[in-house]
There are 2 protein chains.
Amino acid sequence: MCAKNILWIMCDQLRFDYLSCAGHPYLQTPNIDALANRGVRFSRAYVQSPICGPSRMSFYTGRYVRSHGSTWNGVPLRVGEPTLGDHLSEIGVRTALIGKTHMRADTEGMARLGIDPESLIGVQVAQCGFEPYERDDGLHPDGPYAPDPAYDDYLRDRGFGGSNPWEQWANSAQGEDGDILSGWLLAHADKPARVPEAHSETAYMTNRAMAFIREAKADGRPWCAHLSYIKPHWPYIVPAPYHDMYGANQVVPVVRSGREKENPHPLYASYMEERFSRVFARPGVRERVIPAYMGLIRQIDDHVGRLAAFLEEEGLTDSTMIVFTSDHGDYLGDHWLGEKELFHEVSVKIPLIVVDPSRDADATRGTVTDALVEAIDLAPTFLDAFGGKAKPHVLEGRSLLPLLRGSPDWTRRAVISEYDYSQRRARVDHDVPVADCRMTMVFDGRWKLVHVEGMRPMLYDLESDPEEFVDLGDDPACEAERARLLGLMFAWARNPANRITMSEEQIAAAYDTELDANILIGYWDEAEVDAARKARGDAE
Amino acid sequence: MCAKNILWIMCDQLRFDYLSCAGHPYLQTPNIDALANRGVRFSRAYVQSPICGPSRMSFYTGRYVRSHGSTWNGVPLRVGEPTLGDHLSEIGVRTALIGKTHMRADTEGMARLGIDPESLIGVQVAQCGFEPYERDDGLHPDGPYAPDPAYDDYLRDRGFGGSNPWEQWANSAQGEDGDILSGWLLAHADKPARVPEAHSETAYMTNRAMAFIREAKADGRPWCAHLSYIKPHWPYIVPAPYHDMYGANQVVPVVRSGREKENPHPLYASYMEERFSRVFARPGVRERVIPAYMGLIRQIDDHVGRLAAFLEEEGLTDSTMIVFTSDHGDYLGDHWLGEKELFHEVSVKIPLIVVDPSRDADATRGTVTDALVEAIDLAPTFLDAFGGKAKPHVLEGRSLLPLLRGSPDWTRRAVISEYDYSQRRARVDHDVPVADCRMTMVFDGRWKLVHVEGMRPMLYDLESDPEEFVDLGDDPACEAERARLLGLMFAWARNPANRITMSEEQIAAAYDTELDANILIGYWDEAEVDAARKARGDAE
């Protein structure tokens, strides 16, 4: 039974535990919870890199960072790297982007191959395989970063003008004297964004997704719509009424320990010194920022509700798989850190809910699975859901359909996540060569090892230390655990899906065909060749 | 001091020890020896896979097989994989192919990217970055393999006609009754090929190289000419007078031991059972085949002499680097094996001679170095020789120029070579999944470990056992050595050059530029931003 369509909703920087279905004590997300009730919630889903760009490139290619090579934000995805869009278009599925990808095109590689960036193929290559129905990476500060999205025109058309409506309306507040107060600044997180909610980024992108779905329905082809919200990613600012829906008394306590600052791993120490970490350690900052973060999530939840109602109205509920996830989490001051980038659960673990409309999935509806799953599992899941043939020689994840449909034997020994810290102060602090700025997490469900090239590893036992306060990376008593986890990492490292141009079936079919091609290796004389041909039953 | 030109001569299946300068007691190769006298001979040069296709793709990309992904003959090189030709063309060097590459184009990938195979770029992509001055993979049996090369027309024009002149003239002998005797069959290795020597493949390709060099000289751009002979690769047949220049009494004794058949590694056992191995174990086969193999080498040597004289006549000797090498060796019955594909020295080690015309290389002329070098070192060497900037984020080898120019501190801890046995009987014999058919050699100059996915490793100590008769792969006494070598392999496996779209300099330049882009992460208020801008010395 194949899905007709997939609506794949991705948030940016949404922690796994900021949903009411995941146990948040104050934040209500009834519409997302409803998805969980209709599908399966994955309580142990991990991204392949705890930062936007590489994480997304893993989602979009179904491959580990070591394979797709886009190791940090802004590192172009090499031209020719096969994408979800490529795999789905082969089987007639329209794969569209509505929102953010964080893709940077490999313009040098495209030029080398003579690919015109303006051509149909060039545009899709530049958008990592998606049809860019609405491309908007969600950050549009003044300057060269990502100027003038369609959303800016949309705002201007509605009277929210200026040189940078994205910044000045959607991501700024207004002072009592009429001053524009930048939403980048955490001090303003408690104020409402200037833009009316109905014209905010989240509302706009939801509308665009509905427009796409309406068009795609008319078109008739199966579709995969990637609705990719920039929020609750910073700037932490949200329009009314969400800006004051939660208060400081609904901010959960910070998760950190003085013990983490005693003899921290050198890289961890550097991350604690980053500005985005230090600011979250100051009194009052979490209390100012987190209510806005919660409001942004609550706003998304309301739009998820709109989407569900819309699918129902359009008669698409029974034919549409819905996936809800995020590209990584947010420390929000936990572990003395801000942002994401390291491998604590709040950073590397993501929310993941899959609603599979198939009857075969009825038995698992409303359940939670603690199977170890990875972001790269989604691409093969989608291929599988559309009835495509598995491509294990390219896609390094595994279809989740068996889990959704109650197969008990889906197991994974460990999840892997990678991170390149070459563009952070940790490299400079410790004078590490760019090529060596590699960290790799191996997590088996209990033990989490972070291998650090050229330094000692980090190690956490989530059974005895679920809060991840105690780094056992240099504890002599844990030598055996470290060796075991390094063994899992070695097995992973030496078995990349590198032979992407030939499938296992093609290899098997090519076996023992030399005689057919009149390539005669190892034959002494004519009689031996004749005998061999006869033995194979070849015609004379 | 930059080289103006490079003549890069590659033989196919030439063992490292079948040259008089490498100590062969009977075979004379005075012209190749003369190159060694003018340059540096590398006595420990290793290919990155002991079989044509993947080995060559490593030569042509400067990358390990795990990185370029063309794991066996016929596995297409993924479109967009950067090649030597790409790197050299960036700095204005014409990089031309004259002969064999064993490249199979990624036609699916090209179609996905809309690259017309007939376009200028399409042709170069399909020929792994070379300008295909003369493309001839050297095997043209009847059938679909590689039909009708230009060489066939050349033969037909000279009266050597028929449906397949390559096979019927260049690679067949003639019986006493006028019958055509196939050169594929080892029984006929002692007979002369039907083609006159002057029109044989080796002579023809040498002529084509000289034609290219003459044209390139007129053109004026620096050039890298890859003259890639198919010989002494099978069919083992050579025209007069080379067919009887050596006799059975000049065949060196076979290197094998009964001990190798006691408890062999399962994969080794399977290779011993391949037809091409069994035939070489039969009495008289080596004595029939090896004189032809030696004749083919002697013939190449004569043409190397022609080339050297030609360069001198053209006034190019002082501006042309000459490189002489092979893509792998040939067991010729040693170790109970034929062909290549496993990791004994006679298979994985290659001859390598580099003549550097620079004055800076005068001190090393005529010397032999036992530095551990790899085939992937050539691409960065060529880039360096032409004055190009190093690209360690793409090219996984290292320039040999420091070694040629007397720098003492060039060291490498271990060489790596990979092999995918999925298209051999070893896979079928042992029912191994295609994706797991991976072997990886790690050789540190003394200990050679072959890691085999899912099976025990092989291990040889070349100091106590230079003939590689004793596999210590399961010897408990060698546990520490195995662990040490696996550690080297792990370090290699976890550090691929995967971020090929951004150099280390570009990464360093991108560091700490967020404030410049007005991306304000972690600032509390306006005062903090102002202070930060002031601290950086930014203008107000």
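Throughout, a chain's letter reflects where its sequence line sits, starting with A, and its residues are numbered from 1.
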message = Quick check on the interface: out of A:Val79, A:Thr440, A:Leu113, who has the most heavy-atom pairs with chain B under 4.5 Å?
response = A:Leu113
task = Go through the atoms of B:His451 and report whether side chain, backbone, both or neither lie under 4.5 Å from a heavy atom of chain A.
result = side chain
query = At a heavy-atom separation under 4.5 Å, does B:Ile115 approach chain A through its side chain, its backbone, both, or neither?
reply = side chain
note = When every non-hydrogen atom of A:Arg275 is compared with those of B:Gly522, the smallest separation belongs to CG-O, 3.4 Å
query = Side chain, backbone, both or neither: which part of B:Glu81 has a heavy atom under 4.5 Å from chain A?
reply = both
inquiry  = Can you see whether B:Phe490 has A:Arg494 sitting over its ring - NZ or CZ less than 6.0 Å from the centre and within 45° of the normal?
reply    = no
query = What part of B:Ala508 lies closer than 4.5 angstrom to a heavy atom of chain A: side chain, backbone, both or neither?
reply = both
message = So that I can tick it off, tell me whether B:Arg278 and A:Glu528 are bridged by a salt bridge, with the cut-off set at under 4.0 angstrom between side-chain N and carboxylate O.
response = no
B:Ile121 portion near chain A, given a 4.5 angstrom heavy-atom threshold = side chain
message = Quick check: do B:Tyr523 and A:Val279 have side-chain heavy atoms less than 4.5 Å from each other?
response = no
key: Structural part of B:Leu120 lying under 4.5 Å from a heavy atom of chain A   = neither
message = Looking at B:Arg104, I'd like to know if its CZ atom is crowded, meaning that more than 12 non-hydrogen atoms belonging to other residues, nucleotides or ligands lie closer than 6.0 Å.
response = no
key: Interface moiety of A:Glu526 toward chain B, non-hydrogen atoms closer than 4.5 Å   = both
ask   = Which region of B:Val289, side chain (C-beta onward) or backbone (N, CA, C, O), has a non-hydrogen atom less than 4.5 Å from a non-hydrogen atom of chain A, or is it both or neither?
value = neither
key: Which atoms of B:Glu505 approach chain A - backbone, side chain, both or neither, heavy atom under 4.5 Å   = neither
remark   = Interatomic distance, CD1@B:Ile500 vs OG@A:Ser70, rounded to 0.5 Å, equals 11.5 Å
task = Tell me, for B:Arg499 versus chain A, whether the close heavy atoms (under 4.5 Å) come from the side chain, the backbone, both or neither.
result = both
task = Give, for atom CH2 of B:Trp184 and atom CG of A:Asn518, the distance between the pair rounded to the nearest 0.5 Å.
result = 8.5 Å
task = For residues B:Arg78 and A:Thr501, report the shortest heavy-atom separation together with the two atoms involved.
result = CA-CG2, 3.7 Å
request  = Report the option among A:His393, A:Glu339, A:Arg282 that has the most heavy-atom pairs separated by less than 4.5 Å from atoms of chain B.
outcome  = A:Arg282
Gap separating the CD atom of B:Glu514 from the CD atom of A:Gln423, nearest 0.5 angstrom = 9.0 Å
query = With chain B, which of A:Arg66, A:Met110, A:His68 has the greatest number of heavy-atom pairs at distances under 4.5 Å?
reply = A:Arg66
ask   = Which of the residues A:Leu520, A:Thr71, A:Thr513, A:Val529 is involved in the greatest number of heavy-atom pairs with chain B at under 4.5 angstrom?
value = A:Leu520
query = Using non-hydrogen atoms only, which part of B:Val125 is less than 4.5 Å away from chain A: side chain, backbone, both, or neither?
reply = side chain
ask   = What are the two closest heavy atoms between A:Pro76 and B:Met502, and how far apart are they?
value = CD-SD, 4.3 Å
task = Heavy-atom distances under 4.5 Å only: say whether B:Met489 touches chain A with side chain, backbone, both or neither.
result = both
request  = Side chain from CB out, backbone as N, CA, C, O: work out which of these in B:Glu504 comes under 4.5 Å of a heavy atom of chain A, or both, or neither.
outcome  = both
Minimum-distance pair of heavy atoms, taken over all atoms of B:Tyr511 and A:Arg425 = OH-CA, 3.3 Å
A:Trp524 side chain reached by B:Leu185 side chain, heavy atoms, under 4.5 Å = no
query = Counting heavy atoms not belonging to B:Glu90, are there more than 12 under 6.0 Å from its CD?
reply = yes
remark   = Applying a strict 4.5 Å limit to non-hydrogen atoms, the region of B:Asp116 in contact with chain A is neither
Chain A contact via B:Asp106 - which portion, at a heavy-atom distance below 4.5 Å = side chain
message = For A:Pro141 versus B:Ile519, what's the shortest heavy-atom pair and its separation?
response = CG-CG1, 3.8 Å
key: Inter-residue atom distance A:Asp512.CG - B:Arg427.CZ, 0.5 Å rounding   = 10.0 Å
message = I'd like to know if the side chain of B:Arg112 and the backbone of A:Gly80 have a donor-acceptor N/O pair within less than 3.5 Å.
response = yes
From CG (B:Asp525) to NE2 (A:His188), nearest 0.5 Å = 7.0 Å
inquiry  = Would the distance check show the side chain of B:Asn498 and the main-chain N or O of A:Ser67 forming a donor-acceptor pair, the cut-off being under 3.5 Å?
reply    = no
query = To the nearest 0.5 Å, how far apart are CH2 in B:Trp72 and CD1 in A:Ile507?
reply = 9.0 Å
request  = Specify which of B:Asp420, B:Leu77, B:Val285 makes the most heavy-atom pairs with chain A at under 4.5 Å.
outcome  = B:Val285
